[in-house]
Amino acid sequence: MPDALASLSMQALLNEILDEVRPLIGQGKVADYIPALASVVPDQLGIAVYGNDGQVHVAGDARTPFSIQSISKVFSLVQAIGHSGESIWQRLGHEPSGQPFNSLVQLEFERGKPRNPFINAGALVICDINQSRYAAPALSMRDFVRRLSGNPEVTVDNHVAESEYQHRARNAAAAYLMQSFGNFHNEVEAVLRSYFSCCALRMSCVDLARAFGFLANEGFCQHSGEQVLSPRQTKQINAIMATSGLYDEAGNFAYRVGLPGKSGVGGGIVAVVPGQFSVCVWSPELNAAGNSLAGIKALELLSERIGWSVF
Ligand SMILES: NC(=O)CC[C@H](N)C(=O)O
């Protein structure tokens with residue numbers, strides 16, 4: 001009975017939180033630097049919580065797929081750590097950048113070695129590492145997230161991927177700059193294609209909450225039965241999410257929410273409560289740092305009301 005009661009109250013809480021943040025819709029701005037993302041309906045709002053007990057609680061548009069964008073940077077990093085382990089850190093750092101996600105300034109100063117895997121330059125290096133490993137990197141990624149989410153229907157939105165490729169100037173600049181420093185091993189255009197295909201995966205809040213479950217569960221994905229990472233590697237990924245998951249707003253997110261998290265310009269944010277839950281919230285309108293405005297507020301209310309925090 002207490003479990004049923006707990007379920008009911010989690011459900012009520014999620015509904016209440018969405019009602020509270022809904023008035024914020026209209027204050028942010030949908031990402032339009034990728035034209036195919038500009039047409040998303042801005043007033044969608046959803047949340048899903050996945051517990052280590054296997055239960056999912058949802059509210060709002062939690063089952064509507066959206067463009068996961070930079071949330072894919074976590075999956076790419078997990079793949080790279082899975083096959084190459086600690087050696088990846090010769091190519092990039094795990095320090096916060098304090099810079100916007102697509103900034104180039106630091107990259108020149110730091111001789112083509114990106115600060116961390118969750119800014120674009122860092123994710124491009126990780127995709128370069130994966131490109132050397134897999135014959136079909138985009139397909140390996142798609143299959144990986146299908147297993148992690150338990151949803152065999154997850155697909156790449158080719159229209160978004162193509163739109164990103166057409167407007168690739170900044171990402172291409174970062175990749176060619178790294179190549180000039182000897183920190184890029186594959187053909188830049190091919191790696192850009194792989195990178196955009198990861199960003200253009202379409203997943204719902206439920207898919208993402210389930211796919212991040214292993215990070216709340218010492219690296220074990222219960223629905224696929226896969227030990228994705230060791231418990232120690234899992235802690236390390238969570239630590240990088242906590243320090244760098246929201247770009248130059250990581251400090252504000254730690255202050256307000258207090259959980260490891262990762263955002264994307266599609267308006268999704270995933271957060272992890274180690275040992276307990278993974279959560280995904282989605283609202284497409286972004287703040288100035290490129291993070292979901294209502295999404296951050298929803299996670300702040302949730303962590304405050306349940307007392308979740310790693311600090
Ligand atoms: N912050 C993001 O979600 C950015 C991802 C986007 N695909 C880009 O490269 O610009």
Side-chain angles (χ1 to χ4, degrees), residues 28-40 65-77 92 96-107 114-128 130 137-138 141-142 145 156-178 184 188-203 208 212 240-241 244-250 252-253 261-271 280-293 295-296:
K29 203 169 157 295
V30 165
D32 57 5
Y33 76 101
I34 301 167
L37 288 184
S39 55
V40 67
F66 59 89
S67 194
I68 72 168
Q69 292 296 317
S70 274
I71 296 174
S72 66
K73 292 177 167 80
V74 181
F75 299 131
S76 301
L77 174 64
L92 77 170
S97 68
Q99 300 287 324
F101 62 83
N102 55 4
S103 171
L104 293 170
V105 186
Q106 212 166 40
L107 196 58
R115 274 287 171 106
N116 68 66
F118 295 155
I119 49 173
N120 288 11
L124 285 163
V125 163
I126 293 290
C127 283
D128 183 47
N130 287 335
M141 174 54 78
R142 191 202 62 186
V145 297
V156 172
D157 184 332
N158 290 320
H159 176 57
V160 171
E162 184 57 33
S163 176
E164 293 203 55
Y165 187 74
Q166 293 308 325
H167 295 81
R168 66 188 177 287
R170 249 192 128 71
N171 285 313
Y176 281 110
L177 185 57
M178 292 189 284
F184 221 81
V188 166
E189 299 301 314
V191 177
L192 288 170
R193 290 270 185 200
S194 303
Y195 167 75
F196 294 135
S197 147
C198 296
C199 294
L201 281 160
R202 281 172 65 76
M203 297 171 78
L208 281 166
F212 272 69
I240 305 171
M241 288 189 6
S244 309
L246 279 87
Y247 326 110
D248 47 338
E249 204 183 5
N252 187 37
F253 190 75
K262 185 73 204 85
S263 60
V265 293
I269 307 178
V270 179
C280 180
V281 60
W282 172 53
S283 167
E285 287 184 356
L286 309 178
N287 63 18
N291 297 316
S292 174
L293 194 133
I296 293 185

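Quick caveat, the model's predicted, so the values are computed rather than measured. Whatever order the structure lists them in is the order used to number ligands and atoms, beginning at 1.
No option in Phe118, Phe253, Phe101 other than Phe101 meets the side-chain contact (heavy atoms from CB on, under 4.5 Å) test with Tyr247.
For Arg115, the salt bridge (Lys or Arg N to Asp or Glu O under 4.0 Å) criterion is met by Glu110, not counting sequence neighbours. With sequence neighbours left out, the side-chain hydrogen bond (donor to acceptor under 3.5 Å, both in side chains) criterion links Tyr176 to Glu189.
Side-chain contact, Asn287 with Glu249: a donor N or O sits under 3.5 Å from an acceptor N or O.
By the 30° and 60° cut-offs, the orientation of the rings of Phe66 relative to Trp282 is parallel.
Note on residues 283-293: no pairs pass salt bridge (Lys or Arg N to Asp or Glu O under 4.0 Å), not counting sequence neighbours.
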Which protein N or O atoms sit under 3.5 Å from any N or O of ligand 1? Give atom names and distances.
| unit_1 | atom_1 | unit_2 | atom_2 | d |
| --- | --- | --- | --- | --- |
| ligand 1 | 1 (N) | Ser70 | OG | 3.0 |
| ligand 1 | 1 (N) | Tyr247 | OH | 2.7 |
| ligand 1 | 3 (O) | Ser70 | N | 3.0 |
| ligand 1 | 3 (O) | Ser70 | OG | 2.8 |
| ligand 1 | 3 (O) | Val265 | N | 2.9 |
| ligand 1 | 7 (N) | Gln69 | OE1 | 2.6 |
| ligand 1 | 7 (N) | Glu164 | OE1 | 2.5 |
| ligand 1 | 9 (O) | Asn120 | ND2 | 3.1 |
| ligand 1 | 9 (O) | Asn171 | ND2 | 2.9 |
| ligand 1 | 9 (O) | Tyr195 | OH | 2.8 |
| ligand 1 | 10 (O) | Tyr33 | OH | 2.5 |
| ligand 1 | 10 (O) | Asn120 | ND2 | 3.3 |

